[in-house]
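Okay, structure first, notes after.
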Amino acid sequence: MKRIFHISDIHFGLEDTRALAWVKQCIEVDKPDAIAVTGDLTMRARRREFRAACAWISALGPPVTVEVGNHDLPYFNLPERFIDPYRRFRAIEALIEREIDLPGLAIVPLKTTARAQWRWPWSNGWVTRPALAATLAALDALPAGMQALVTAHHPLTERDPRGKRLTIGGERAMAELAARGVLAVLTGHVHDAFDIEQPTPAGNLRMIGAGTLSKRIRSSPCSFNDLTIGADGIKLCVRNLGDVPTPAMQIEQVPENALPPRLPEDPVAPVGTVPDFDPPVH
Ligand SMILES: [Fe+2]
Ligand SMILES: [Fe+2]
């Protein structure tokens, strides 16, 4: 039996300090075997935000893996964004990430971010062919019988119910991961939790999303996923600051971004009726 805390979208710069203190305490009490952080460590990839992320994550006891999120690429410095977009993240990753050595279970990363795209917004997901190839090579190199979780920032859902393109290359990636018997894909980005069985041509793939630990809440309180992995698969509890039961915390469809949903009877919500979010950078 292994226990993994899946946390995401801390967004240092707009972090929720009460949520972070609570998660740290949960980790101290429950002592999970590992922590998987699925991106958006920062709000605008500022150096001070990365330093704060580094300090908080370094103080956690268990080994940690971190993925890069769209907010972790330079936002203000466009030359750096184009020339070396992952430099700041890599520097932090080198300080905080420790190899997770769990018997019979591997955590394999998949990059879904892009420095730029032929569409707007650039914040949406894109599984490039080289990124998918790197993940598949890592999965194929695992010893026989080793189970795997894949960690990424963007949910791999390629289109929403209206046909709008979400993550480019998501369907191809999901089919390849399902063909390899991946236990689940852990992601963030949309700031609400979900647990969806996604059909693919190679069989079903479990897609698990974590909420946020920032003030950028979408439709649910701050939360993280508490995963227990045993012989019968993954048991998932969405632990949250509102004492909301897990099923009520989980959304049923992956939205495009982390913006709060509009009520159907209120298509143009007046200012002040929803949390004060930044412009739509997600
Ligand atoms: Fe985010
Ligand atoms: Fe994101």
Side-chain angles (χ1 to χ4, degrees), residues 6-17 19-20 23 36-46 49-50 52-53 56-57 65-76 81 85-86 88-89 92-93 109-117 119-128 131 150-158 160 164-170 173 185-194 207-225 238 240-241 249 251 254-261 274-282:
H6 168 205
I7 71 179
S8 202
D9 295 76
I10 310 171
H11 285 292
F12 276 95
L14 210 59
E15 75 278 18
D16 185 316
T17 51
L20 291 186
V23 173
V37 185
T38 51
D40 279 357
L41 302 182
T42 68
M43 193 57 214
R44 291 281 180 252
R46 296 178 180 98
E49 294 170 352
F50 274 122
W56 187 76
I57 293 173
T65 61
V66 289
E67 307 313 321
V68 65
N70 53 294
H71 277 257
D72 301 323
L73 277 63
Y75 186 80
F76 299 110
R81 184 178 179 109
Y86 299 104
R88 297 182 194 191
F89 177 80
I92 294 303
E93 183 184 27
L110 170 64
K111 185 174 86 67
T112 58
T113 53
R115 71 189 75 192
Q117 305 183 37
R119 65 164 175 173
W120 188 259
W122 292 350
S123 54
N124 282 0
W126 183 7
V127 183
T128 62
V150 168
T151 46
H153 179 59
H154 295 86
L156 301 183
T157 305
E158 180 137 354
D160 73 8
K164 182 169 172 51
R165 199 91 182 264
L166 304 181
T167 294
I168 298 172
V185 181
L186 311 184
T187 57
H189 185 61
V190 297
H191 294 201
D192 274 336
F194 60 83
M207 305 285 298
I208 293 176
T212 182
L213 297 177
S214 76
K215 293 176 182 162
R216 291 173 56 99
I217 55 171
R218 182 177 180 276
S219 68
S220 56
C222 289
S223 69
F224 70 93
N225 288 340
V238 181
N240 61 88
L241 274 180
M249 282 294 293
I251 54 175
V254 174
E256 180 182 8
N257 54 41
L259 294 175
V274 293
D276 186 20
F277 287 90
D278 279 353
V281 293
H282 255 283

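Indexing begins at 1, ligand by ligand and atom by atom, following the structure's order.
At a threshold of 4.5 Å between non-hydrogen side-chain atoms, the residues Thr112 and Leu156 count as touching. Two residues are said to be in side-chain contact when any heavy atoms from C-beta on lie closer than 4.5 Å; Asp9 and His153 meet this criterion.
Screening His154, Gln117, Glu256 for a side chain to side chain donor-acceptor pair (under 3.5 Å) involving Asn124 leaves a single residue, Glu256.
Asp192 pairs by the salt bridge (charged side-chain N to carboxylate O under 4.0 Å, His left out) definition with Arg218, not counting sequence neighbours. Taking the salt bridge (charged side-chain N to carboxylate O under 4.0 Å, His left out) definition, one finds that Glu93 meets it with nothing, sequence neighbours left out.
Here His191 reaches the Fe ion (ligand 1): one of its N/O/S atoms is less than 2.8 Å from the metal. Distances from the Fe ion (ligand 2) show that Asn257 has no N/O/S atom below 2.8 Å. Residue contact annotation: His189 places an N/O/S atom under 2.8 Å from the Fe ion (ligand 2). Look at His153 and the Fe ion (ligand 2): an N/O/S atom of the residue is under 2.8 Å from the metal. Among the atoms of Asp40, an N, O or S atom falls under 2.8 Å of the Fe ion (ligand 2).
No other N/O/S atom of Asp9 lies as close to the Fe ion (ligand 1) as OD2 does.
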